[in-house]
Amino acid sequence: MTPKLQPFVAGPSGGPWLPLPAADDVFCCLGDERSYHRRDQAYRAVLESDVTPIAHSAAAGGCRRFVLVAPMAAFLQLAGTGRGFTSTAEATTAALGFETIVFVRPTENDRKREGTWLQRAAAAWIGTLAHYLTPQQLQPVTSKTVAAAVVGAPWKLGPGIHVIGAENLQAAAAM
């Protein structure tokens, strides 16, 4: 049985985080990019600086499981950087005493949408080159694959602190 997820909007963009309601699970997805067509203007972009207040609010509300989706560049994942804590926000979250914490690190998409046409063209060319140099298991995956890995992870992995890197996302989605 798949539990029903109920989104909760915690505060206006750039404003303070309100106390989260009592919940067993909290899913936090980092991202600062906005849709070119502005379809996501109604949603608050969660930045890395927001993770600690969200985690504190979740812990105060009695949350048992905390999932943080934090995209990371492929070259950092190749270097093994994503296997432990990558920020003080993650270390602080781990110290709050959640039963289960899952850090999910999909490969971030490196497409540049800003700058002059020459800067965008150069970024596209470098992105194409990087695509062929990046191992297949570290290629960016669809949001559907990330969601499949994230939603079931806290229950399937059990208590403790877990990291799902880009190389393990496909397997986690199939669990």
Side-chain angles (χ1 to χ4, degrees), residues 1-35 39-73 76-77 80-109 137-138 140-175:
M1 180 176 135
T2 303
K4 292 184 179 180
L5 299 175
Q6 296 178 352
F8 176 77
V9 179
S13 183
W17 287 95
L18 302 174
L20 295 175
D24 287 337
D25 309 306
V26 171
F27 297 86
C28 181
C29 303
L30 297 184
D32 58 359
E33 284 197 23
R34 293 295 191 174
S35 165
R39 289 182 284 241
D40 56 359
Q41 289 300 102
Y43 302 104
R44 178 175 180 172
V46 179
L47 305 174
E48 189 172 343
S49 60
D50 295 325
V51 172
T52 301
I54 292 171
H56 279 289
S57 183
C63 173
R64 294 174 45 214
R65 292 173 289 270
F66 189 87
V67 179
L68 175 64
V69 180
M72 181 181 275
L76 290 174
Q77 298 207 28
T81 307
R83 294 195 179 97
F85 298 139
T86 60
S87 68
T88 56
E90 290 182 1
T92 303
T93 300
L96 290 176
F98 294 106
E99 178 183 307
T100 304
I101 299 175
V102 182
F103 297 118
V104 182
R105 305 199 199 299
T107 302
E108 68 183 355
N109 196 342
Q137 70 268 20
L138 294 179
V141 295
T142 64
S143 56
K144 184 177 180 179
T145 302
V146 174
V150 166
V151 171
W155 301 279
K156 294 173 184 168
L157 295 174
I161 299 173
H162 308 279
V163 177
I164 301 175
E167 69 276 3
N168 300 323
L169 266 176
Q170 298 285 353
M175 284 197 308

Minimum heavy-atom distance between L47 and L30, given as atom pair plus value: O-CD2, 3.5 Å
Any pair counted as side-chain hydrogen bond (donor to acceptor under 3.5 Å, both in side chains), so long as it reaches residues 144-154, sequence neighbours left out: T142-T145
Closest heavy-atom pair and its distance - V26, A58: CG2-CB, 3.7 Å
Results of side-chain contact (heavy atoms from CB on, under 4.5 Å) for A59 - residues two or more places apart only: L96, F98
Closest contact, heavy atoms only, F66 versus I54: CE1-CG2, 4.1 Å
V146 and V69, any side-chain heavy atoms less than 4.5 Å apart: yes
Qualifying residues under side-chain contact (heavy atoms from CB on, under 4.5 Å), relative to A91, sequence neighbours excluded: F85
Smallest separation among heavy atoms of T93 and I101, with atom names: O-CD1, 3.5 Å
Shortest non-hydrogen separation from S87 to E48 and the atoms involved: CB-OE2, 2.7 Å
Pairs where residues 86-97 contributes a residue and the test salt bridge (Lys or Arg N to Asp or Glu O under 4.0 Å) is met, not counting sequence neighbours: E90-R105
Close side-chain approach of C29 to V46, heavy-atom, < 4.5 Å: no
Polar side-chain atom of T92 near backbone of T88 as donor-acceptor pair, under 3.5 Å: yes
side-chain contact (heavy atoms from CB on, under 4.5 Å) against A166, all qualifying residues, sequence neighbours excluded: Q77, T107, L138
By side-chain contact (heavy atoms from CB on, under 4.5 Å) - contacts of D24 (at least two apart): R64, R65
